[in-house]
Amino acid sequence: MSRPVYIVDGARTPFLKARGKPGPFTPVDLAVQCGRPLLMRQPFAPEAIDLVVLGCVNVIQDEMNPARVAALRLGLGDETVAFTVQINCGSGMQSIDTAYRYIRDGSHQMILAGGAEALSHAPLVYRHEATEWFGDMARARSPVDKLQTLADLRPNFFSPVIGLERGLTDPITKLNMGQTAEVLAHRFNIDRATADAYAVESHKRLARAQESGALKTEVLPAFARSGEAYERDDGVRPDSSLEKLGKLKPVFEPPYGKVTAGNSSQITDGASWVLLASETAVEAHGLTPIARIVDSEWAALDPSIMGLGPVLASTPLAQRHDLGVTDIDLWELNEAFAAQVLSCLAAWQDDDFCREVLGYDAAFGRIDRDRLNVDGGAISLGHPVGTSGNRIVLHLANALKARNGRRGIATECIGGGLGGAMLLEAA
Ligand SMILES: CC(=O)CC(=O)SCCNC(=O)CCNC(=O)[C@H](O)C(C)(C)COP(=O)(O)OP(=O)(O)OC[C@H]1O[C@@H](n2cnc3c(N)ncnc32)[C@H](O)[C@@H]1OP(=O)(O)O
């Protein structure tokens, strides 16, 4: 039997831009910063939560299985099972999907599903030669052996291989994520000005949402050990303009590429939680659902065009529920890159693509920009990769409520050639 699954609350930290050195919070710190006030505003004790699932891409050595570390630090008790999931940028949505399926199937009543990522803490990886040298040094027993090993040391052993750059490069195609966006820009003829205009609008929408107080219950302040308070997403640039963005050079395919620092998602730290509950839990604790999770879908595609993941995941989802493009009131489509979002929109309007790839008779249709990423996205907010999938579901639930919307889809592209999508209905 399939049981209804509700989103009853959720919160995230402000998203903090990685500024070339480790930021004030680790992934678990971030998860605890927003998790604690979220739990404190509930009418039940934390022990009522059956399970914690957390998405995290770059787990740090001191926080193995960050879900469990976060659960214990949040006071959920020794008996609460907690596990971490990782499918690149899909991780924060995968945690919700896992929770959704457990509650739908009746094994659990209340689950905390999150995403946490501190890209500023991405590990520095040393070359293979350095690792071997450290091993030889550890095995050298006598002072003579040690001296001989020391003599083998070469300074270039220590030129680091930047961990994050590695993590954002596809292991099969060897294209980094920005290059996959360039592939799509070329295929769908996305020009630079259109990509930049999309990015400018992302910043304006986030700035407007911040000013209007629309993010008040969703974004909770985080406090560093130094006492400093972080209250808002700090990557936003309300003064963004076509003129300023037009001056930036292509980063991934110079000199002719379309993808720049201005129209890419930013490298950022942040965490987000969504609290899911069964009907039984809603009644038992007197909770007020924000939205209901109707269904979800995952799709796989050629890794070099991973940016089309949202199209391949969300169209079958809509089709399964007989929903056309205009039946979806709001879309949260993770803004990995402006060119990538625009390519998804172009694919949905392309008769041949929809026929050949999606098996439709004609194009799916045009998604109105007024229904898409209404309060900004990863270009203005930043993209803590393991968190973003969680944030878009949380924000979709809140935005549906705020705008009296009925249905929405949150969807994202996933490095390695995957896509994820979740269909929500206002509760
Ligand atoms: C992984 C998955 O599973 C799937 C996915 O989602 S794929 C996406 C994953 N994420 C990524 O790949 C991250 C993509 N982004 C990046 O790699 C980096 O942001 C980047 C390499 C593109 C840029 O990095 P950076 O150089 O550190 O950016 P940043 O310092 O913010 O900006 C560079 C310059 O552009 C300027 N700039 C950026 N945005 C601007 C704006 N809106 N207006 C004006 N100027 C702007 C900055 O001021 C800066 O100029 P200065 O150097 O003169 O200060």
Side-chain angles (χ1 to χ4, degrees), residues 15-21 55-58 86-94 115 117 119-120 122 162 164-171 173 175-184 195-207 234-254 257-268 298 300-301 303-310 313 333-341 343-344 376-389 391-392 411-420:
F15 281 8
L16 307 175
K17 196 170 164 70
R19 297 184 189 272
K21 57 179 183 183
C56 183
V57 177
N58 293 277
Q86 204 277 41
I87 55 163
N88 294 338
C89 298
S91 307
M93 185 182 281
Q94 176 67 70
E117 196 75 52
L119 289 176
S120 71
I162 305 295
L164 185 56
E165 281 174 8
R166 275 187 150 186
L168 293 176
T169 298
D170 183 82
T173 62
L175 296 176
N176 65 42
M177 295 299 115
Q179 287 169 321
T180 68
E182 290 287 9
V183 171
L184 291 183
D196 285 349
Y198 182 91
V200 170
E201 183 64 20
S202 177
H203 284 277
K204 301 239 177 290
R205 290 182 180 201
L206 174 57
D234 67 1
V236 66
R237 303 176 69 132
D239 61 343
S240 294
S241 65
L242 266 182
E243 197 198 350
K244 285 182 184 158
L245 262 66
K247 291 192 179 129
L248 301 177
K249 300 226 170 355
V251 187
F252 301 104
E253 293 290 348
K258 308 290 189 290
V259 183
T260 70
N263 62 36
S264 298
S265 57
Q266 303 173 48
I267 293 183
T268 302
W298 300 92
L301 69 162
S304 65
I305 50 165
M306 68 92 209
L308 292 179
L333 196 167
N334 193 41
E335 294 174 346
F337 301 93
Q340 168 263 329
V341 176
S343 295
C344 289
I379 290 172
S380 46
L381 273 158
H383 181 11
V385 287
T387 303
S388 295
R391 182 199 75 79
I392 57 175
T411 183
E412 61 189 338
C413 61
I414 302 173
L418 296 168

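For ligands, and for the atoms within them, numbers begin at 1 and follow the listed sequence. The structure presented is a predicted model; accordingly, all values stated were derived computationally and were not measured.
- Residues R391 and L381 are in side-chain contact: their nearest non-hydrogen atoms beyond the backbone lie under 4.5 Å apart.
- Heavy-atom proximity to S264, at under 4.0 Å, picks out these atoms of ligand 1: 15 (N), 22 (C).
- Residues S264 and M177 are not in side-chain contact: their nearest non-hydrogen atoms beyond the backbone lie 4.5 Å or more apart.
- Here the side chain of N176 pairs no donor or acceptor atom with the backbone of L168 at under 3.5 angstrom.
- Closest to atom 24 (O) of ligand 1, if we only count protein heavy atoms, is A261 CB, 4.6 Å.
- With hydrogens and angles disregarded, a donor-acceptor distance shorter than 3.5 Å links the side chain of E182 to the backbone of V259.
- K17 places no side-chain N or O within 3.5 Å of a backbone atom of I267 that could act as its donor or acceptor partner.
- Distances from atom 9 (C) of ligand 1 to the heavy atoms of V259, I87, L168 show the closest one on L168.
- Within the structure, ligand 1 lacks K247 among the residues with a heavy atom less than 4.0 angstrom away.
- Looking at N88 next to ligand 1, no N or O pair under 3.5 Å apart turns up.
- For ligand 1, the atoms sitting less than 4.0 Å from at least one non-hydrogen atom of G262 are 39 (N), numbered in the order shown with element in parentheses.
- Remark: atom 37 (N) of ligand 1 lies closer than 4.0 Å to at least one protein heavy atom.
- For atom 50 (O) of ligand 1, the closest heavy atom belonging to the protein is L248 CD2, 4.9 Å.
- The ligand atoms of ligand 1 that sit less than 4.0 angstrom from a heavy atom of H203 are 42 (N).
- Scanning the protein heavy atoms around atom 47 (C) of ligand 1, the nearest turns out to be R237 NH1, 3.5 Å.
- Within ligand 1, counting atoms from 1 as listed, the ones closer than 4.0 Å to a heavy atom of G415 are 2 (C), 3 (O), 4 (C).
- In terms of modelled atom types and a separation under 3.5 Å, the side chain of T180 and the main chain of I305 share no donor-acceptor contact.
- Every atom of ligand 1 with a heavy atom of S240 under 4.0 Å away is listed here by number and element: 41 (C), 42 (N), 43 (N).
- Between the K249 side chain and the P254 main chain, no donor and acceptor come within less than 3.5 Å of each other.
- Within the 4.0 angstrom cut-off, atom 3 (O) of ligand 1 has one or more protein heavy-atom neighbours.
- Inclusion of N334 in the set of residues having an N or O under 3.5 Å from an N or O of ligand 1 is not warranted.
- Between the choices L119, I267, V251, V200, the shortest heavy-atom distance to atom 21 (C) of ligand 1 belongs to V251.
- At a heavy-atom cutoff of 4.0 Å, ligand 1 is contacted by both the backbone and the side chain of C89.
- Rounding to the nearest 0.5 Å gives a distance of 8.5 Å between CG of L175 and OG1 of T169.
- Atoms CD1 and CG, on I379 and D196 in that order, are 9.5 Å from each other to the nearest 0.5 Å.
- Checked by atom type and distance alone, the side chain of E117 never pairs as donor or acceptor with a backbone atom of T387 at under 3.5 Å.
- For atom 53 (O) of ligand 1, the nearest protein heavy atom lies 4.0 Å or farther away.
- Counting heavy atoms from C-beta on, the side chains of V385 and S91 never come closer than 4.5 Å.
- In this structure, atom 42 (N) of ligand 1 has protein heavy atoms in its sub-4.0 angstrom surroundings.
- Side chain of Q86 to main chain of N88: a donor-acceptor pair is present (N/O by atom type, distance under 3.5 Å, no hydrogens or angles).
- A 4.5 Å side-chain heavy-atom check between T260 and L245 finds every atom pair outside the cut-off.
- If you look at K17 next to ligand 1, the close heavy atoms, those under 4.0 Å, all belong to the side chain.
- Which parts of ligand 1 touch C413 is read off a 4.0 Å heavy-atom cut-off, strictly below it: atoms 4 (C).
- Taking all heavy atoms of A181, S265, S202 into account, the minimum distance to atom 14 (C) of ligand 1 is reached by S265.
- Contact annotation for N176 and ligand 1: no heavy atom of the residue comes within less than 4.0 Å of the ligand.
- Counting heavy atoms from C-beta on, the side chains of I392 and E412 come closer than 4.5 Å.
- Residue contact annotation: Q340 has no non-hydrogen atom under 4.0 Å from ligand 1.
- At the shortest separation from atom 6 (O) of ligand 1 among protein heavy atoms lies H383 NE2, 2.7 Å.
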